[in-house]
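Ligands are counted one by one from 1 in listed order, and the atoms in each one are counted from 1 as well.
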Amino acid sequence: MRRKLAAGNWKMNGLAASLAEVEALAKAHPAPRSEVLICPPATLIAQMAWKAKGGPVMVGGQDCHPEASGAHTGDIAAAMLKDAGASHVILGHSERRADHGETDAVVRAKAEAAHAAGLVAVICLGETEAQRDAGTTLDVIGSQLRGSVPAGATAANTVIAYEPVWAIGTGRTPTLAQIAEVHDFLRADLATRLAGAADVRLLYGGSVKPSNAAEIFATSNVDGALVGGASLKAAEFGAILAALDAA
Ligand code: 13P
């Protein structure tokens, strides 16, 4: 039985005052059935982890460096995230693949570093609109999956997030049949390579909001969501969490 996961990606949003949202979320949902994760900007991880201590909300990073330490100005090692109180790290988000030229090999190396530090890697995959229009979605997803997920991945240390690039921050979502097609494909492809693949959580991400959450969570092989904009406010993210708990 896979425990559902509601994950929030705050991206480059949030100042100290935003920590009140996490307190409000924990107060409104003290004992959710699903796991709850918020990945704030790095500047807020330690404070958020401190405030969330003892409650249902887990805290994660949005990226880490593949190496354990060294001369990499501005970068953050996986062990530093862990030390600050993070349990998870998002890796290979399409915004990092696009803005920072991250390849599948880089994402895989980062996931290995995350695992070595004891973090759960939330590895993101997704096709662009041009790739979907060209009919190559499953080829793209399959090659990202094989290239980005390390051999040591398990259900305990890895979560996969399917985030179609064209659905991120646009208000557009794939049809439920399109989501099911990709998630069923991910499940089947993982099963050919990883022991325990049936237990790996598969999240959908891209314009998830309270009004579409329930139908997405009822879709085949969807074990939760990776939420951007709608995770910034406790009321909205709480409504998505409630829909996941009810699914
Ligand atoms: P939105 O929910 O804002 O579309 O963002 C999705 C996302 O990129 C989460 O990682």
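A salt bridge links K11 to E95: one of the charged nitrogens lies within less than 4.0 Å of a carboxylate oxygen. Salt bridge absent: E21 and K51 never bring a charged side-chain N and a carboxylate O closer than 4.0 Å. Between R187 and D199, none of the side-chain N atoms (NZ, or NE/NH1/NH2) sits under 4.0 Å from a carboxylate O, so this pair counts as no salt bridge.
Side-chain atoms of S34 do not come within 3.5 Å of backbone N or O of A6 as any donor-acceptor pair. Side chain of R132 to main chain of T137: no donor-acceptor pair is present (N/O by atom type, distance under 3.5 Å, no hydrogens or angles).
Taking a cut-off of under 4.0 Å to the non-hydrogen atoms of G206, the atoms of ligand 1 that pass are 4 (O), 6 (C). Using a 4.0 Å cut-off to heavy atoms of S207, the atoms of ligand 1 that qualify are 1 (P), 2 (O), 4 (O). Of all the atoms in ligand 1, the ones that sit under 4.0 Å from a non-hydrogen atom of H93 are 7 (C), 8 (O), 9 (C), 10 (O). Listed by number with element, the atoms of ligand 1 under 4.0 Å from a non-hydrogen atom of L226 are 9 (C), 10 (O).
Residue K209 places its NZ atom among more than 12 non-hydrogen atoms of other residues, nucleotides or ligands, all under 6.0 Å distant.
For atom 2 (O) of ligand 1, the nearest protein heavy atom (residue, atom name, distance) is G228 N, 2.9 Å. For atom 5 (O) of ligand 1, the nearest non-hydrogen atom of the protein is K11 NZ, 3.3 Å. Nearest non-hydrogen protein atom to atom 9 (C) of ligand 1 is E163 OE2, 2.9 Å.
At a heavy-atom cutoff of 4.0 Å, ligand 1 is contacted by both the backbone and the side chain of I168.
Between T170 and ligand 1, no pair of N/O atoms sits closer than 3.5 Å. An N or O contact shorter than 3.5 Å links G229 to ligand 1 by distance. Where the criterion is an N or O separation shorter than 3.5 Å, residue side chain and backbone included, G169 meets it with respect to ligand 1.
In this pair, Y162 and H183 present their aromatic rings perpendicular. The plane angle is above 60°, beyond the 30 to 60° band.
Note: E127 CD to I141 CD1 = 5.0 Å, rounded to the nearest 0.5 Å.
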